[in-house]
There are 2 protein chains.
Amino acid sequence: MTTALRSVAPVAERGEKQRLTARDWEEGALDLMADEGVAAVAVETLAKRLGVTKGSFYWHFSHRDALIASTLKRWEEYDTHNAIARVESIENPGVRLREIFRLTARDVRSHRIYAALLKAADHPVVAPVMERVSKERMDYLARVFEQAGMDPVAAVHRARLAYSAYVGFLQLTLQFRSTRLSQEGYEEYLEHMIDTLIPAA
Amino acid sequence: MTTALRSVAPVAERGEKQRLTARDWEEGALDLMADEGVAAVAVETLAKRLGVTKGSFYWHFSHRDALIASTLKRWEEYDTHNAIARVESIENPGVRLREIFRLTARDVRSHRIYAALLKAADHPVVAPVMERVSKERMDYLARVFEQAGMDPVAAVHRARLAYSAYVGFLQLTLQFRSTRLSQEGYEEYLEHMIDTLIPAA
DNA sequence: AAAAGTCCATACGGAAGCGTATTGACTCCT
DNA sequence: AGGAGTCAATACGCTTCCGTATGGACTTTT
C-alpha cells in the first residue's frame, strides 16, 4: 500500500466545478498544517480554500477531529514508509546512517508538517501519533547504530541524541529567521553532525 | 538587577483580599504558560485563577499581548542572566561546558516555560524573544567550545548541534510520555551526550 | 472630610470557531 | 420519469475569547 501522498491531482487541474472527496479535504488539511500549523486547520478556513462551504465538510466528516485523525493516519503511513524505504537497500550501516542524515535534508514539505505536528503535540489526537512515530524512528536509529558497531546501550543513547538534534534543528531552522543557515552553511553543518554522531566507517 | 522570578510572595500568602499588581498577572501568566502553553494564557482564565475578574486585568494592561510581552521580558532577563551566572565562575572551558549541560537538567519549570515558548514561536510577540535568546545562547556555546580548543568553524557547528539536541530533547521528553526516561536513564544519557559532544578535557 | 487616585465587578458588543438542520441540485439506477 | 443517493449552500444556535464602558468601593492625598 505505497499510496503516494500526492497521488490525486490538485483540485484545480480536474476542472473547476468538481465535487470533493474526503481525500481532498485531507490534502488541504496537510497543506494548511504545513503552512500555518494544526490550529489553523479550521473547518471554515479550509472550506474557503477549497472553494466550498462547511456544508460539504460535514458530509465527509462527522467533526473536525475526524479530519485531523484521518489526515494524520495517511501522513503516518506515507511518511514513515517512505522514509525507511529510501535507505533500506544500503547494507553498510555506517553508510546508511549517513544517507539517512543527508536525505532528511531534502523533503521540505515533510519537515514543515512534522514541525507543525510537534508543536501540536498536546492535542489529544496528535499526541499518540507523534509518540508512536518518534519512538519507531528512534528505535530504528538505535538498531542501525548498533549494527554500525556501537554497544547496545550507547546505541540507544546515540539514537536519542541524533533524533533530538533533528527535532531541535527543525524548530530552530523552520521557525527562527535569525538562526537559519545558508545553503553551504547547511551542508557544512550536516557534515559536522555526521562526523560527530556517526562512528567512523 | 538580579530580580528573582519568584521574589514576590504567592497571592495566597499575602492575605486573601489583597489587590493585585501587574507582576502578579505576569507570574500567573508564566504558570499558565508552563502548564498549558501560551495559547492557554487567556484573560478570563487567568483572572479566574487569580480570583478576580477581567476588570482588574484591563486596569493593569491595555490588551492581552501587552501581558505576554511584559511577561516575556521579565522571563528573558531572569532566565538568561541566571543560566549564565551559574557557571561563569568556572574557568576551565571543558569543565564549564559539562556543568552547563548538567545544570540544564535541573530547573524543570524553566524548561517547561521554554518548551511552551518554543511551541508558540509563530506568535508575533514571542518570536523575536525566542530568536534573540536562541541566538545568544548558541553564540555563547560557540565561544566556549572554541575556548575548549575547537577551531572556530567547528565550534559554531557544534554549538548548533548541542543546542538543537537540547531543544529536541525538551520536545521529546516533556511532551511524549513514551519517550521519557527514568532518573538513571536520564543521567546515563546525559553523560553519553557530554562524551559525544564535548571534546575530551 | 472632600477630592483624587487606584483597583475591581458587571454588563455589553463583536469576532471566530464548531456543529446542526434544512433545503437544493445533480447523478445514477431502475 | 421517478426515486434514491451524493454533495453543497444557507441559516441558525452555541461557546469562547477579546476588548469597552461604566460605576462602585476602597485608599491616599490635600
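The sequence lines fix the lettering, A, B, ..., with proteins before strands; numbering per chain opens at 1.
- Rounded to whole Å, atom P of D/dC17 lies 15 Å from atom CG of B/L67.
- Protein chain A contacts DNA chain C from C/dG17 to C/dT20, reading 5' to 3' and using non-hydrogen atoms of the protein with a distance under 4.0 Å.
- B/L117 is listed as a side-chain neighbour of B/M33, based on a closest heavy-atom distance under 4.5 Å.
- Less than 4.0 Å separates DNA chain D from at least one heavy atom of each of the following residues of residues 58-65 of chain A: A/W59, A/H60.
- Note that CE of B/M150 is 10.0 Å distant from CD of B/E146, once rounded to the nearest 0.5 Å.
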Nucleotide by nucleotide, nucleotides 23-28 of chain D touches protein heavy atoms under 4.0 Å in the pattern (B base, S sugar-phosphate only, - none) ------
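- Salt bridge annotation for A/E131-B/R177: absent, with no cationic side-chain nitrogen under 4.0 angstrom from a carboxylate oxygen.
- Looking at every heavy atom in both residues, A/A116 comes nearest to A/G37 through CB-CA, 4.0 Å.
- In this entry the distance linking CG of B/L46 with P of D/dT16 reads 17 Å, nearest Å.
- For the atom pair B/L197 CG and B/Y166 OH, the distance stands at 15.0 Å (nearest 0.5 Å).
- Distance check, rounded to the nearest 0.5 Å: CZ of B/R74 to CG of B/L30 gives 7.0 Å.
- The distance from the NZ atom of B/K119 to the OH atom of B/Y114 is 15.0 Å, given to the nearest 0.5 Å.
- Applying the salt bridge (Lys or Arg N to Asp or Glu O under 4.0 Å) test to pairs two or more places apart or on separate chains, those with a residue in residues 33-53 of chain A are A/D35-A/R49, A/D35-A/R112, A/E36-A/R49, A/E44-A/K54.
- Ranked by how close their nearest DNA chain C nucleotide is to the 5' end, A/V41 and A/G55 are led by A/V41.
- In this structure, A/L103 CG and A/R96 CZ are separated by 12.5 Å, a value rounded to the nearest 0.5 Å.
- Sorted by residue number, the list of members of residues 117-130 of chain B with any non-hydrogen atom under 4.0 Å from DNA chain D is empty.
- Every residue was checked against the side-chain contact (heavy atoms from CB on, under 4.5 Å) condition with B/T53, not counting sequence neighbours, and none meets it.
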Report the C-alpha separation of B/D24 and B/R19 in whole Å, then their side-chain angles, then the decisive distance to 0.1 Å, and conclude whether the salt bridge (charged side-chain N to carboxylate O under 4.0 Å, His left out) test is met.
CA-CA 10 Å; B/D24 294 323; B/R19 264 54 195 283; over 6 Å; no
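- Computed from coordinates, the B/I68 CD1 to D/dC17 C1' distance equals 13 Å when rounded to whole Å.
- One finds the OG1 atom of B/T196 at 4.0 Å from the CZ atom of A/R158 (value rounded to the nearest 0.5 Å).
- Salt-bridge formation is not detected for the pair B/E26/B/K73: no Lys NZ or Arg NE/NH1/NH2 atom is positioned less than 4.0 Å from an Asp or Glu carboxylate oxygen.
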